[in-house]
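Below, all heavy atoms of this structure are taken into account, side chains as well, without hydrogens, waters or symmetry copies. Sequential numbering from 1 along the given sequence is applied to the chain's residues.
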Amino acid sequence: MGLLGIAASGAPTAAEVAGTLRGWGRAKSFILIDLYGGPAHQDIWDLKPDAPAEIRGEFKPISTPVSGLQVSEHIPRLAKIADQYTLIRSMTHTDHEHATGGYTTLTGVAHPRPGTILPPSPDDFPPMGSIISKLRPPLRPVPGYVTLGGTMFSAGGDVPGQTGGFAGQKFDPFDIKDDPSNPNFRVQELTLSEKFSTLRLDRRRSLLEQVEASAHLADRS
């Protein structure tokens, strides 16, 4: 309906706009900060000061450089740079359960069983990170989709919508569970165990090279 309205108004159509897009742009990364169970929107971004007391937020709104846009008094530094981000206040859903509600926000698709606590399924829609790593694979041998701080979970275990879903397990995120604010932080999956000597690692690499060389010769013959 929105596209029809644009076309009727004489503005560029979706096809015309698409024709002006070239490639993937120049962005090198995409960072999603998901405050799972974070502050309520009426206390941070949309205080609704003119609404009845039972609806509006309890904090005071403060002005920003954007005309007509106010945010919470508790985020003054974010208020100062409001001209550098966009607030989308029209997005909503009716799912009251964190698990399936989280699935909706991560995938953009409503869960088929809203209001329930269900584990991830291979039939789930993939999240944005999986989609990007599938459509735009990394050029170097590094993970295309990384989650930091561990996966989101509820009473039923991990929240659905965080894995590759029907796109496949190879588009699951590289999950870093350790806390990066810890002074002794290290990525366990990329750290050599203290019980594993560098000599043993070199021998394994040498063996791998021999196996790969033999496989290459077999392919040629």
Review item, side-chain donor-acceptor pairs of residues 43-62, under 3.5 Å, at least two apart:
residue : atom : partner : partner atom : Å
Asp46   : OD2  : Lys48   : NZ           : 2.9
Arg56   : NH1  : Ala51   : O            : 2.8

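Legend: residues meeting side chain to side chain contact (heavy atoms under 4.5 Å, CB included) with Thr64, ordered by chain and number and at least two apart, are Val66, Leu69, Val71, Ala79, Ala82. Here Gln188 pairs with Asp178, Arg186 under the side chain to side chain contact (heavy atoms under 4.5 Å, CB included) rule; sequence neighbours left out.
Of all heavy-atom pairs spanning Tyr145 and Asp172, the tightest one is CD2-C, 4.1 Å. Between Ile117 and Ala99, the shortest heavy-atom distance links the atoms CA-CB, 4.5 Å. Of all heavy-atom pairs between His111 and Thr104, the closest is N-OG1, 3.7 Å. When all heavy atoms of Gly164 and Ser130 are compared, the closest pair comes out as CA-OG, 3.6 Å. Contact record, Ser133 with Phe171: OG-CD2, 3.6 Å, taken as the closest heavy-atom pair.
You'll find the side chain of Val142 stays beyond 4.5 Å of the side chain of Phe174, heavy atoms only. Residues Pro126 and Lys134 are not in side-chain contact: their nearest non-hydrogen atoms beyond the backbone lie 4.5 Å or more apart. Thr100 is listed as a side-chain neighbour of Thr116, based on a closest heavy-atom distance under 4.5 Å. Counting only heavy atoms from C-beta outward, the side chains of Leu32 and Leu106 approach each other to under 4.5 Å. Counting only heavy atoms from C-beta outward, the side chains of Arg136 and Phe30 never approach each other to under 4.5 Å.
The line from CG of Leu201 to OG of Ser193 is 11.5 Å long, rounded to the nearest 0.5 Å. Put simply, NE2 on His98 and OG1 on Thr105 are 10.0 Å apart, with the number rounded to the nearest 0.5 Å. Rounding to the nearest 0.5 Å gives a distance of 8.0 Å between CD of Gln162 and CG of Asp34. Atom OG of Ser72 sits about 11.0 Å away from atom CD of Gln42, to the nearest 0.5 Å. One distance of note links NZ of Lys80 with CD1 of Ile75; it measures 13.0 Å at 0.5 Å rounding. With rounding to the nearest 0.5 Å, the separation of CE in Met128 from OG1 in Thr107 is 9.0 Å.
Within a 6.0 Å radius of CG in Leu139, no more than 12 heavy atoms belonging to other residues, nucleotides or ligands are found. Counting heavy atoms of neighbouring residues, nucleotides and ligands inside a 6.0 Å radius, atom CZ of Arg89 exceeds 12 of them.
No continuous path of ILVMFWY side-chain contacts below 4.5 Å connects Val109 to Val159, so the two sit in separate hydrophobic clusters. Hydrophobic clustering (ILVMFWY, side-chain heavy atoms < 4.5 Å, transitive): Leu190 and Ile176 are in one cluster.
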field: Pair Arg77-Ile81, side-chain contact (heavy atoms from CB on, under 4.5 Å): steps then yes or no
entry: CA-CA 7 Å; Arg77 287 187 292 178; Ile81 59 171; over 6 Å; no

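With hydrogens and angles ignored, the 3.5 Å screen pairs a side-chain donor or acceptor of Ser214 with a backbone N or O of Gln210.
Defined by atom type and a distance below 3.5 Å, a donor-acceptor pair is present between the side-chain atoms of Thr151 and Asp158.
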